[in-house]
There are 2 protein chains.
Amino acid sequence: MGSAKLGHPQADEAVIPVPPQLSAAVGRRRATSRQELEETAFALFAARGFEATTVDEIAAAAGIGRRTFFRYFPSKNDIPWGAFELELDRMRARLRACPPEVAVMDAIREALVDFNRVEPTMVALHRRRMELILRVPALFAHSTLRFTAWREVIAEFVAARTGQRAGQLAPQAIAHAVLGVSVAAYEHWLDDPVADLGELLDTAMRQLADAFGAPPGRRPGRRP
Amino acid sequence: MGSAKLGHPQADEAVIPVPPQLSAAVGRRRATSRQELEETAFALFAARGFEATTVDEIAAAAGIGRRTFFRYFPSKNDIPWGAFELELDRMRARLRACPPEVAVMDAIREALVDFNRVEPTMVALHRRRMELILRVPALFAHSTLRFTAWREVIAEFVAARTGQRAGQLAPQAIAHAVLGVSVAAYEHWLDDPVADLGELLDTAMRQLADAFGAPPGRRPGRRP
DNA sequence: GCCTTTGTGGCACCCAGTGCCAGGATCGAC
DNA sequence: GTCGATCCTGGCACTGGGTGCCACAAAGGC
């Protein structure tokens, strides 16, 4: 997947460690699930903070061995990411589904808003998830690898639309910029308990489109 | 420094651990220096690879204790970064020195090219340094924190020029985009043993300016 | 009941990073 | 020269993430 340039192969492999008991009903049954473990861990993170929670504690709280934890998550840092690879596929599909008449930045904006739509019941969880990823330094650092994969999805779409390769500068620049405003919108969302994520992303992307449409020196990113 | 939003305070503090023997000539003398340690470590990295080199080995090769190593570098990951904080100051100063007549993106491009100028004798070292930072996954992840600080320099400049705050979307987007093309240009540079970094950055930034000046759907990032 | 498959988890180990603290080296003061 | 202040060194012990190995437990098929 993606250009060989920015891709860190380890990142992709580390994501889904050993998808235990994929479909075969033979053999010993799993003692728990990724999701269950995630919930247990999130509860501990909320109580003690991410750094102060050890893997031993998570495993103990989930009633499994420490060794087994690492069969569900390749690292403690991966806990908040859920099924991110699948999300990437969703985003890719959503972009592909955009009719060619829609301009590139519009298509990205629509896909982005769609992609980040969360059920009302899941909003609290998503907030905690993103709070961890974006505010815990170790997790933010770890996120680089995921973000690279995410940007590659954008870059590939832009490349396909503009007849370039994903590794070229314009696709890369746009992908980086889109990631940037997304992160900025998320930060804003985390700061404001009643903000609507979709709206923030929509506004943010419109401002980015403006920035791409006119030099920011003359029009400071405002929507006309 | 910078907006409270994207800044991870730990990043800044961790950078210069205990600047040993800053100027006072009293007390026991240092056994080595950051730079000497860096050279020793780079030699080992070249021979065995980054991940396969342990801190113990670096310390042993440098003739110091492992404990002492951590007084020169807060972590193994920080070795390739040299005196990055000072570099940031240099970049800031370089941007400030740009006359207001020069357009924002032009100013950033010029500063960027200047900032990344390396003496011919230092090119090989800089290559090894950036190869580590950009290609070793653990280091690339670690770099997030430094990149955030770096982007903030750009964002603040754009903000000052356009009458916004650095945390707003346009400055953040531009900063992300500039980082993106910089990384892309560096990747290109690392791939091509005879490429000129300054030229690559210049071209890349011109293409970015084009992308900002016209929707990439109609003009695919080419220079007119 | 056996065999195969699959998940579990204990054990031992590696490595990064830290707090503590007993030194060693160098100064200026006396 | 000796003393004390100052600063650097590095050993020791410890925490915590992550891994290889392997014995074992639980399930299904036959």
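No experiment lies behind these values; they were computed from the predicted model shown. The sequence lines fix the lettering, A, B, ..., with proteins before strands; numbering per chain opens at 1.
- OP1 or OP2 of D:dC22 has not a single side-chain nitrogen or oxygen of A:Arg67 nearer than 4.0 Å.
- Contact annotation: A:Ser75 side-chain N/O to D:dG18 OP1/OP2 distance is under 4.0 Å.
- Minimum atom distance to the side chain of A:Thr68 is reached by C:dT8, of the listed D:dG10, D:dC7, C:dT8.
- Here the CH2 atom belonging to A:Trp81 is positioned 13.5 Å from the CD1 atom belonging to A:Ile79, to the nearest 0.5 angstrom.
- Rounded to an integer number of Å, the gap from CZ of A:Arg71 to P of D:dG20 is 11 Å.
- Taking atom CZ of residue B:Phe70 and atom P of nucleotide C:dC15, one finds them 12 Å apart after rounding to whole Å.
- For the pair B:Tyr72 and D:dC8, the criterion of a side-chain N or O lying under 4.0 Å from OP1 or OP2 is not met.
- Remark: A:Arg34 is positioned above the aromatic ring of A:Phe73, its terminal NZ or CZ atom under 6.0 angstrom from the ring centre and at most 45 degrees off the axis.
- The stretch residues 54-65 of chain A touches DNA chain C through A:Ile64, A:Gly65, each having a heavy atom under 4.0 angstrom from the strand.
- Computed from coordinates, the B:Arg66 CZ to D:dA13 C1' distance equals 12 Å when rounded to whole Å.
- Using bins of under 30°, 30° to 60° and over 60° for the plane-to-plane angle, the ring pair B:Tyr186/B:His126 lands in the perpendicular bin.
- The separation between B:Arg28 atom CZ and C:dG23 atom C1' is 8 Å, rounded to whole Å.
- As a whole-Å value, the separation of A:Phe69 CZ from C:dG10 C1' is 17 Å.
- Remark: A:Arg135 engages A:Asp191 in a salt bridge, criterion side-chain N to carboxylate O under 4.0 Å.
- Note that CZ of A:Phe147 is 11.0 Å distant from NE2 of A:His142, once rounded to the nearest 0.5 Å.
- Of all the heavy atoms in B:Val113 and B:Gly198, the pair that sits closest is CG2-O, 3.9 Å.
- When all heavy atoms of A:Ala107 and A:Arg161 are compared, the closest pair comes out as CB-NH2, 4.4 Å.
- Of the listed nucleotides (D:dG17, C:dT8, D:dA27), D:dG17 has the atom at the smallest distance from the side chain of A:Lys76.
- Rounded to an integer number of Å, the gap from CG of A:Leu139 to C1' of D:dG17 is 13 Å.
- Protein atom CG of B:Asp78 is 12 Å distant from nucleotide atom C1' of C:dA16, rounded to whole Å.
- Atom-to-atom, CD of B:Glu51 to C1' of C:dC14 comes out at 14 Å; the value is rounded to the nearest Å.
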